[in-house]
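I have placed the structure first, in the form of structure tokens, so that the comments after it can refer back to it.
Chain naming here is simple, since letters A, B, ... match the order of the sequence lines and numbering starts at 1 in each.
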Amino acid sequence: MEKRELICIQCPMGCPLTVTVHDDGKVTVEGNTCPRGAAYGEKEVTHPTRTVTSTVVLEGGEIARVSVKTASDIPKEKIFDVMAEISRTKRRAPVTLGDIIIKDVAGTGVDVIATKSVPAK
Amino acid sequence: MEYHDIVIIGGGPAGLAAAVSAYDAGCRDVLILERDDRLGGILNQCIHNGFGLHTFKEELTGPEYAERYIEQVKERGIPYKLRSIVADISPEREVLYINSEEGAVTVKAGAVVLAMGCRERPRGALGLPGYRPAGIFTAGTAQRLMNIEGYLVGREVVILGSGDIGLIMARRMTLEGAKVKVVAELMPYSGGLKRNIVQCLDDYGIPLKLSHTVTKIHGKERVTGITISAVDENRRPIPGTEEFYSCDTLLLSCGLLPENELSKSAGVELDRVTGGPEVNDRLETSVPGVFACGNVLHVHDLVDYVSEEASRAGARAAEYASRGEDDGHAYTKLTGRGGVRYTVPQRIDTSKMDERVTVRFRVADVYRGRSIALYYDGKVIKKQKKRVMAPGEMEQIVLTKDSFEGLGVDEITIAVED
Ligand SMILES: Cc1cc2nc3c(=O)[nH]c(=O)nc-3n(C[C@H](O)[C@H](O)[C@H](O)COP(=O)(O)OP(=O)(O)OC[C@H]3O[C@@H](n4cnc5c(N)ncnc54)[C@H](O)[C@@H]3O)c2cc1C
Ligand code: SF4
């Protein structure tokens with residue numbers, strides 16, 4: 001049996017979790033306020049994931065960058081691969097919130113989408 | 001002079017939520033004044049996720065969260081003026097704003113909602129020694145430069161202060177290819193949310209040095225390095241503990257201050273601890289008909305609480321605008337004691353209050369396994385056990401109207417206890 005003390009990062013409440021990996025491989029989570037915390041605790045000790053947020057260069061827009069995010073979380077070890085592809089990407093305004101900016105980023109099966117609407121200048 | 005039932009100063013999440021709830025409470029004459037060129041406030045530059053889980057049951061980025069409220073404002077057809085800075089508010093609720101189309105205009109408001117947010121503690125207030133080379137930014141300025149304007153502000157970075165913006169920027173700059181060498185925090189605990197330490201520093205192996213401060217900035221034209229030192233319990237640098245880090249950029253994340261120049265001109269009394277207005281349970285300041293919510297009232301870490309607080313302020317402002325002053329309030333003072341630094345609200349009308357009033361506060365130190373105790377006139381009413389409390393995280397306790405039934409309470413106290 002192995003016990004790990006974690007902080008749930010699913011929301012800014014930051015609940016302190018105690019995650020126990022039992023000898024039979026079963027995982028139990030205590031200290032969470034909501035079900036998301038239990039899911040996070042279990043995932044964090046088996047295959048950790050993160051949502052990546054960044055910006056993409058925007059041409060001809062009211063502002064120079066449009067903010068983006070991965071539409072869902074991606075494996076933690078893929079963060080820098082995802083960032084490399086985001087950094088190479090350019091887009092022309094206008095952009096509407098929710099637009100797909102990169103399909104299947106870095107082979108994760110997850111899209112990168114716009115989190116802001118920016119009209120053309 | 002033009003008249004509006006409600007004038008809202010600031011179009012960030014607080015101003016937007018106040019406008020929507022005032023409208024929904026039946027007020028059809030609301031005006032939002034915003035100095036920036038878009039609505040949404042600080043959220044426009046907070047591109048990270050972590051907003052709105054409590055309000056929308058999903059995790060949004062700052063701009064997405066703002067957009068939801070902007071939509072609600074637009075759906076209701078609530079008018080707003082951008083690039084319009086409010087320069088003065090009188091105690092009679094005359095609001096002076098300036099923009100390039102109209103010049104200087106004064107409008108009379110039935111009720112005013114203060115929602116101006118907060119600003120960062122500037123470098124000057126920190127008293128850092130050395131020259132003034134280029135490469136020193138407040139973390140929020142760096143965030144705007146990167147996320148809105150698209151500049152990478154530096155390649156090798158030291159961050160002073162572990163407030164949330166500093167932590168978020170440590171990750172942001174790392175992802176953009178910069179090397180963040182260390183985050184130094186003067187206090188023995190972090191000022192930021194625990195989740196941000198985990199996902200912004202620990203994930204990337206960025207060291208956090210508690211009880212450390214910057215003691216020297218090297219470089220004349222541009223920063224070339226930083227010396228940090230450990231500090232003793234009186235926060236004085238300990239000689240012999242100096243460590244040098246070469247870097248081209250220093251980010252300062254040393255706290256936020258509510259933006260209350262305007263509140264002062266309106267004659268609003270400020271709380272010495274929060275730096276924001278003193279308010280009653282209706283979020284009304286010491287000036288009748290002037291309400292406050294969001295970061296201008298006290299600095300929040302969760303935008304969900306900002307929106308919730310602002311909805312209450314908006315509804316109460318609508319009530320005031322339609323009914324005018326209802327005198328005959330008797331207030332009981334709320335105070336923090338033994339580790340509770342302040343409370344918002346600071347006073348409460350126990351006979352006319354809502355059924356439930358949420359009181360928010362911050363504690364002075366990190367406490368483990370202690371309780372929050374509520375006292376009426378020295379008599380303990382309830383105790384809530386807490387696993388951990390920290391200055392970086394706002395706490396709350398709910399007061400119910402029926403708990404005051406038949407008691408003439410003179411003083412309400414909240415304290416941290418064993
Ligand atoms: C960097 C950072 C990271 C954060 N991260 C999170 C997070 O992960 N999760 C979360 O839930 N919360 C987070 N927060 C907290 C949350 O975003 C804020 O608490 C919230 O935005 C405050 O809203 P507000 O409307 O009070 O202030 P603001 O958003 O600052 O809005 C105030 C508005 O008033 C305007 N204004 C000011 N003075 C005047 C004037 N004189 N005339 C006209 N207009 C004026 C300003 O231009 C601005 O638009 C973060 C905050 C910051 C700063
Ligand atoms: S357990 Fe639930 S409430 Fe607690 S931090 Fe995680 S998501 Fe937030």
Rounded to the nearest 0.5 Å, the CD1 atom of B/I148 sits from the CD1 atom of A/I63 at a distance of 5.0 Å
Say you draw a straight line from CG of B/L175 to OG of A/S87; how long is it, rounded to the nearest 0.5 Å?
9.0 Å
With a 6.0 Å cut-off (strictly less than), is the heavy-atom count around CZ of B/R76, excluding the residue itself, greater than 12?
yes
Side chain, backbone, both or neither: which part of B/M394 has a non-hydrogen atom closer than 4.5 Å to chain A?
neither
Kindly compute the distance separating OG (A/S117) from CD (B/E71), expressed to the nearest 0.5 Å.
8.0 Å
Would you say B/M146 and A/T55 make side-chain contact, with heavy atoms under 4.5 Å?
no
Atom CZ of B/R155 with >12 non-hydrogen neighbours under 6.0 angstrom:
no
Inspect the surroundings of NZ in B/K74 and state if more than 12 heavy atoms from other residues, nucleotides or ligands are less than 6.0 Å away.
no
Among the options B/D37, B/I197, B/D202, B/N44, pick out the one with the most heavy-atom pairs lying under 4.5 Å from chain A.
B/N44
One should read off an interatomic distance between A/T115 OG1 and B/L60 CG, to the nearest 0.5 angstrom, of 10.0 Å
Please list, chain by chain and in numerical order, all residues satisfying side chain to side chain contact (heavy atoms under 4.5 Å, CB included) with B/M389, sequence neighbours excluded.
B/V363, B/Y367, B/R370, B/I372, B/K386, B/E395, B/V416
Interface moiety of B/Y305 toward chain A, non-hydrogen atoms closer than 4.5 Å:
side chain
With a 4.5 Å cut-off on side-chain heavy atoms, are B/Q199 and A/T51 touching?
no
Inter- and intrachain pairs under salt bridge (Lys or Arg N to Asp or Glu O under 4.0 Å), touching residues 162-175 of chain B, at least two apart:
B/R172-B/E176
Region of B/Y204 in contact with chain A, defined by heavy-atom distances below 4.5 Å
side chain
Name all residues meeting the salt bridge (charged side-chain N to carboxylate O under 4.0 Å, His left out) criterion together with B/E64; count only those two or more places apart in sequence or in a different chain, and write none if there are none.
A/K69
Listed by residue number, which members of residues 97-114 of chain A have a heavy atom under 4.5 Å from any heavy atom of chain B?
A/L97
More than 12 heavy atoms of other residues, nucleotides or ligands under 6.0 Å from NZ of B/K382: yes or no?
yes
Most contact-rich option vs chain A, by heavy-atom pairs under 4.5 angstrom, among B/N49, B/T174, B/V388, is B/N49
Would you indicate whether B/Y151, at its atom OH, is surrounded by more than 12 heavy atoms from other residues, nucleotides or ligands within a distance under 6.0 Å?
no
Who among B/P63, B/G62, B/G52 has the most heavy-atom pairs with chain A under 4.5 Å?
B/P63
Here the gap from A/K116 atom NZ to B/Q45 atom CD, rounded to the nearest 0.5 Å, amounts to 8.5 Å
Distance in Å, B/R195 CZ paired with A/C15 SG, rounded so as to fall on 0.5 Å steps:
11.0 Å
